[in-house]
Participant: 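Quick one: this structure, given as structure tokens, is what I'll be asking you about.
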Amino acid sequence: MIQRKDYEHATVILSCFRPENSNGQTEYHAMITISDCLLPYSRQAEILLNALAEIRADSGPDTGIIFKRYFLSDAANQAPLLMNYELDNPEGAVSVVEQAPLNGSKIALWVYLATGMQTRTLSSGLYECRHGAYRHLWLGSAANHAKDSERQTRILLNDYVMQLASEGCLLADNCIRTWLFVNEPDLNYGGMVKARNEVFVTQNLTDATHFITSTGIGGRQADPQVLVQMDAYAIDGISREQIHYLYAPAHLNRTSDYGVSFERGCYVDYGDRRHVFISGTASINNKGEIMHRGDVVAQCHRMWENVEALLAEGGCSFDDCMQMIVYLRDPADYAIVRQLFEVRFPDKPWVIVLAKVCRSGWLIEMETIAVKAQQSEWSTF
């Protein structure tokens with residue numbers, strides 16, 4: 001179910017998954033964007049946070065915020081206001097990244113909510129959302145000040161391994177999704193990749209086992225010394241049999257073919273639903289070659305084709321997608337890409353942001369999360 005709400009100077013697109021079992025957890029994904037781009041940042045942030053409060057109130061007292069990602073146009077100047085708000089209203093794991101919303105506004109927000117979850121911040125620094133047999137563990141905006149992107153990534157991943165270990169979890173068994181935001185990826189992406197490859201080997205994550213669904217994309221933090229920041233999602237209580245990786249080999253190759261280590265996507269089965277996570281996906285073929293160089297429209301269509309193939313392998317389609325994040329390298333491509341998405345996905349929660357894709361020939365990339373009802377022997381979500 002999709003709802004659109006137009007507030008004064010803001011638009012909210014809200015997707016809802018409500019299981020057939022009335023006792024099951026309802027999930028919401030909302031994308032909040034500002035429609036009056038001439039307002040100062042403080043006013044835009046106020047409007048966005050008021051819209052968030054209304055979503056929170058309308059969804060009922062049993063609904064809690066699980067995760068929030070703020071997209072900012074100038075994190076150095078804008079993040080402090082948000083951090084003050086978050087200190088006063090601590091709920092959910094929080095990610096703040098400079099990836100300017102390309103509609104011309106200064107701020108946008110993706111927020112994930114669910115009913116019936118017991119939530120708290122753990123001593124490990126992870127944000128726990130507990131229900132039934134599972135603990136959903138979220139991490140937002142992890143960062144450090146090591147010398148370069150390789151060392152920062154190595155510390156990020158090793159620290160995360162220790163955080164998971166303190167919760168009785170393993171990177172290989174429990175981590176479902178990561179996001180790595182790289183400041184100036186044309187300069188720093190290689191260091192991130194090298195560190196990730198090397199740390200993954202120590203955690204039994206190889207081409208012969210599996211990697212982790214991930215997006216590695218341009219993005220920066222308010223602190224200019226941070227070259228890489230990370231968000232992550234893991235599940236305690238999950239079994240290996242519940243996690244399946246997606247390849248779509250007729251459309252895409254293994255990422256290890258060109259020296260990186262992430263999965264194209266994965267799905268997680270519960271007793272009442274399936275969650276599908278699609279990594280950042282671009283215009284690529286099954287030989288690892290960039291398709292349609294210089295043509296953002298053709299790249300967009302090939303990107304959709306690749307994502308659709310991954311979703312189909314997971315038993316889903318675009319109809320099941322709860323949210324989409326679209327990354328553009330060149331802001332001049334925004335008008336045509338917005339038009340393409342408005343025609344194909346007029347009612348989906350999506351946002352288009354400015355972010356350099358890891359290869360200069362890729363003009364566009366997207367990721368998505370889908371949810372579909374099902375019945376299986378596993379414990380319900």
Participant: Flag the pair D148 and R151 as a salt bridge only when some basic side-chain nitrogen lies within less than 4.0 angstrom of an acidic carboxylate oxygen.
Facilitator: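 Salt bridge: yes.
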Participant: Tell me whether the rings of F211 and F200 are parallel (<30°), tilted (30 to 60°) or perpendicular (>60°).
Facilitator: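 Aromatic pair F211/F200 classed parallel.
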Participant: If I take atom CD from residue Q163 and atom CG from residue N158, how far apart are they, to the nearest 0.5 angstrom?
Facilitator: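 Taking CD in Q163 and CG in N158, the distance rounds to 11.5 Å.
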Participant: Cluster question for you: counting only ILVMFWY and a side-chain heavy-atom cut-off of under 4.5 Å, with indirect links fine, are I155 and V182 together?
Facilitator: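 Shared cluster, no.
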Participant: Charged N to carboxylate O under 4.0 angstrom, R18 versus E27?
Facilitator: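 A salt bridge is absent here (no side-chain N lies under 4.0 Å from a carboxylate O).
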Participant: Of F67, W350, Y70, which is the lone residue that meets ring pair (Phe, Tyr, Trp, His ring centres under 6.0 Å) with W110?
Facilitator: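 The passing option is F67.
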Participant: Sequence neighbours left out, cut at 3.5 Å: what donor-acceptor pairs do the side chains of residues 32-40 make with other protein atoms?
Facilitator:
residue, atom, partner, partner atom, Å
S35, OG, H9, O, 3.2
S35, OG, A10, N, 3.3
D36, OD1, L38, N, 3.1

Participant: Answer yes if the ring centres of H275 and Y270 are under 6.0 angstrom apart, and no otherwise.
Facilitator: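 Between Y270 and H275, which both carry aromatic rings, the centre distance is below 6.0 Å.
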Participant: Does the side chain of F262 reach to within under 4.5 Å of the side chain of T213, using non-hydrogen atoms?
Facilitator: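 Side chain of F262 against side chain of T213, heavy atoms only: no contact under 4.5 Å found.
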Participant: Any Lys/Arg nitrogen of E263 or R177 sitting under 4.0 Å from an Asp/Glu carboxylate oxygen of the other?
Facilitator: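 Salt bridge: no.
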Participant: Side chain to side chain donor-acceptor pair (under 3.5 Å) for D207 and S256? Distances and angles first, verdict last.
Facilitator: CA-CA 7 Å; D207 193 44; S256 54; 2.9 Å; yes
Participant: Any salt bridge linking R4 with D6? Criterion: basic side-chain nitrogen under 4.0 Å from a carboxylate oxygen.
Facilitator: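 A salt bridge links R4 with D6.
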Participant: Give a yes or no on this: more than 12 heavy atoms of other residues, nucleotides or ligands lie within 6.0 Å of atom CD of E377.
Facilitator: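 Yes, the 6.0 Å shell around CD holds more than 12 heavy atoms from other groups.
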Participant: When you measure from the side chain of T115 to the backbone N and O of D62, does any donor-acceptor pair fall under 3.5 Å?
Facilitator: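 Not confirmed, T115 side chain does not pair with D62 backbone.
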Participant: Quick one, I278 and E367 - any side-chain contact, counting heavy atoms below 4.5 Å?
Facilitator: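 SC-SC contact between I278 and E367 ruled out.
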Participant: Side chains of Y160 and L171: closer than 4.5 Å at any heavy-atom pair?
Facilitator: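 Contact flag for Y160/L171 side chains = yes.
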Participant: If you define the side chain from C-beta out and look only at heavy atoms, does anything of E184 sit under 4.5 Å from S149?
Facilitator: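 A side-chain contact is absent here, since even the closest heavy-atom pair is not under 4.5 Å.
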Participant: Near E305 CD, under 6.0 Å, is it more than 12 heavy atoms from other residues, nucleotides or ligands?
Facilitator: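 It does: E305 CD has more than 12 such atoms within range.
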Participant: Indicate yes or no: at least one non-hydrogen side-chain atom of H131 is less than 4.5 angstrom from one of Q25.
Facilitator: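 Side chain of H131 against side chain of Q25, heavy atoms only: contact under 4.5 Å found.
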Participant: Might you work through the side chain to side chain contact (heavy atoms under 4.5 Å, CB included) test for T368 and C321, ending with a clear yes or no?
Facilitator: CA-CA 7 Å; T368 187; C321 289; 3.3 Å; yes
Participant: Between D74 and K106, is there a salt bridge with N-O shorter than 4.0 Å?
Facilitator: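 Judged by the 4.0 Å cut-off on N to carboxylate O distance, K106 and D74 do not form a salt bridge.
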Participant: Classify the angle between the aromatic ring planes of F345 and F341 as parallel (below 30°), tilted (30 to 60°) or perpendicular (above 60°).
Facilitator: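 Aromatic pair F345/F341 classed tilted.
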Participant: Give me the ring orientation class for Y258 and W362: parallel if the planes are under 30° apart, tilted from 30 to 60°, perpendicular past 60°.
Facilitator: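 It falls in the perpendicular class, over 60°.
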Participant: Mind listing the closest non-hydrogen atom pair of L311 and A370 along with its distance?
Facilitator: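 Heavy atoms of L311 and A370 come nearest at CD2-CB, 4.0 Å.
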Participant: Is the shortest distance from a Lys or Arg side-chain nitrogen in E365 or R329 to a carboxylate oxygen in the other one below 4.0 Å?
Facilitator: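 So E365 does not pair with R329 through a salt bridge.
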Participant: Determine whether more than 12 heavy atoms belonging to other residues, nucleotides or ligands lie under 6.0 Å from atom CE of M162.
Facilitator: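 Open.
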Participant: Please step through side chain to side chain contact (heavy atoms under 4.5 Å, CB included) for the pair Y247 and N253, ending with a clear verdict.
Facilitator: CA-CA 7 Å; Y247 303 101; N253 67 332; over 6 Å; no
Participant: If two hydrophobic side chains count as joined below 4.5 Å and joins carry through other members, does L354 share a cluster with V96?
Facilitator: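 No, separate clusters.
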Participant: Connecting only ILVMFWY residues whose side-chain heavy atoms lie within less than 4.5 Å of each other, what is the rest of F17's hydrophobic cluster?
Facilitator: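 Same cluster as F17: M322, V371.
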Participant: Taking only residues two or more places apart in sequence or in another chain, which ones pass side chain to side chain contact (heavy atoms under 4.5 Å, CB included) with R274?
Facilitator: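 Listed in chain order: Y267, D269, V276, Q374.
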Participant: Flag the pair K5 and E54 as a salt bridge only when some basic side-chain nitrogen lies within less than 4.0 angstrom of an acidic carboxylate oxygen.
Facilitator: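 No, this pair does not count.
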Participant: Any idea which heavy atoms bring S261 and N197 closest together, and the distance?
Facilitator: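 The answer is OG-OD1, 2.6 Å.
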Participant: Give the intermediate values and the outcome of side chain to side chain contact (heavy atoms under 4.5 Å, CB included) for residues V353 and V326.
Facilitator: CA-CA 6 Å; V353 298; V326 185; over 6 Å; no
Participant: Walk me through it: do T209 and N204 pass the test side chain to side chain donor-acceptor pair (under 3.5 Å)?
Facilitator: CA-CA 7 Å; T209 58; N204 197 33; 4.8 Å; no
Participant: Taking side chain to side chain donor-acceptor pair (under 3.5 Å) as the test, write out the residues that go with N84, two or more places apart.
Facilitator: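 If we apply the side chain to side chain donor-acceptor pair (under 3.5 Å) test to N84, skipping adjacent residues, there are no hits.
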Participant: Do the charged groups of R69 and E98 touch, with an N to O distance under 4.0 Å?
Facilitator: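 Salt bridge between R69 and E98, a charged N being under 4.0 Å from a carboxylate O: no.
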Participant: Which atom names give the shortest non-hydrogen contact between E167 and D236, and what distance separates them?
Facilitator: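 Looks like O-OD2, 4.0 Å.
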Participant: So W138 and W179, would you call those rings parallel, tilted or perpendicular, with 30° and 60° as cut-offs?
Facilitator: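 Parallel, since the angle between the ring planes stays under 30°.
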Participant: Which side chain to side chain donor-acceptor pair (under 3.5 Å) pairs, counting each pair once, include a residue from residues 277-289, with sequence neighbours left out?
Facilitator: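 Of all non-adjacent pairs touching residues 277-289, those that pass side chain to side chain donor-acceptor pair (under 3.5 Å) are N285-E289.
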Participant: Determine, using the 4.5 Å side-chain heavy-atom cutoff (strictly less than), whether V357 and L187 are members of one ILVMFWY cluster.
Facilitator: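 Not linked; separate clusters.
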Participant: Measure across A143 and L156 and return the closest heavy-atom pair with its distance rounded to 0.1 Å.
Facilitator: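 Between these two residues, the closest heavy atoms are N-CD2, 3.6 Å.
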Participant: Going by atom types only, do R302 and N306 share a side-chain donor-acceptor pair under 3.5 Å?
Facilitator: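 Yes - a donor-acceptor pair under 3.5 Å links their side chains.
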Participant: At their closest point, which heavy atom of R264 faces which heavy atom of L310, and how far apart are they?
Facilitator: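 Minimum heavy-atom separation between R264 and L310: CB-CD2, 3.7 Å.
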Participant: Connecting only ILVMFWY residues whose side-chain heavy atoms lie within less than 4.5 Å of each other, what is the rest of I2's hydrophobic cluster?
Facilitator: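 Grouped by the 4.5 Å side-chain rule, I13 form the rest of the cluster around I2.
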Participant: Which word best sums up how the rings of Y134 and H136 line up, parallel for under 30°, tilted for 30 to 60°, or perpendicular for over 60°?
Facilitator: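 Tilted.
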Participant: Give, for atom CG of L48 and atom CZ of F71, the distance between the pair rounded to the nearest 0.5 Å.
Facilitator: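 With rounding to 0.5 Å, CG (L48) is 11.0 Å from CZ (F71).
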Participant: Under 3.5 Å, side chain of Q152 to main-chain N/O of L227, donor-acceptor pair present?
Facilitator: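 Checking the backbone N and O of L227 against the side chain of Q152, a donor-acceptor pair under 3.5 Å is found.
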Participant: CD1/I325 to CD1/I369 distance, rounded to the nearest 0.5 angstrom?
Facilitator: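 I325 atom CD1 to I369 atom CD1 measures 7.5 Å (nearest 0.5 Å).
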Participant: Tell me, do V307 and F318 make a side-chain contact under 4.5 Å, heavy atoms counted?
Facilitator: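 Of all side-chain heavy-atom pairs linking F318 with V307, at least one is under 4.5 Å.
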Participant: Would you call R130 and T119 a side-chain contact if the rule is heavy atoms closer than 4.5 Å?
Facilitator: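 With C-beta onward as the side chain, the pair stays apart.
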Participant: Keeping the roles fixed (side chain from D320, backbone from S317), state whether a donor-acceptor pair exists under 3.5 Å.
Facilitator: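 Yes: the side chain of D320 pairs with the backbone of S317.
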Participant: Does the side chain of I352 reach to within under 4.5 Å of the side chain of L328, using non-hydrogen atoms?
Facilitator: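 Side-chain contact under 4.5 Å: yes.
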Participant: Do Q242 and S376 pass the side chain to side chain contact (heavy atoms under 4.5 Å, CB included) test, and can you show the C-alpha distance, the side-chain angles, and the key distance before you say yes or no?
Facilitator: CA-CA 10 Å; Q242 290 174 260; S376 74; over 6 Å; no
Participant: Could you check E86 against K68 for salt bridge (charged side-chain N to carboxylate O under 4.0 Å, His left out), going step by step and ending with a plain yes or no?
Facilitator: CA-CA 11 Å; E86 290 296 334; K68 289 175 277 192; 3.0 Å; yes
Participant: Of all heavy-atom pairs between L113 and S59, which one has the smallest distance, and what is that distance?
Facilitator: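 In terms of heavy atoms, the two residues are closest at CD2-OG, 4.5 Å.
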Participant: Has the side chain of Q299 got a donor or acceptor atom that lies under 3.5 Å from a matching backbone atom of L363?
Facilitator: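 Side chain of Q299 to backbone of L363: a pair is present.
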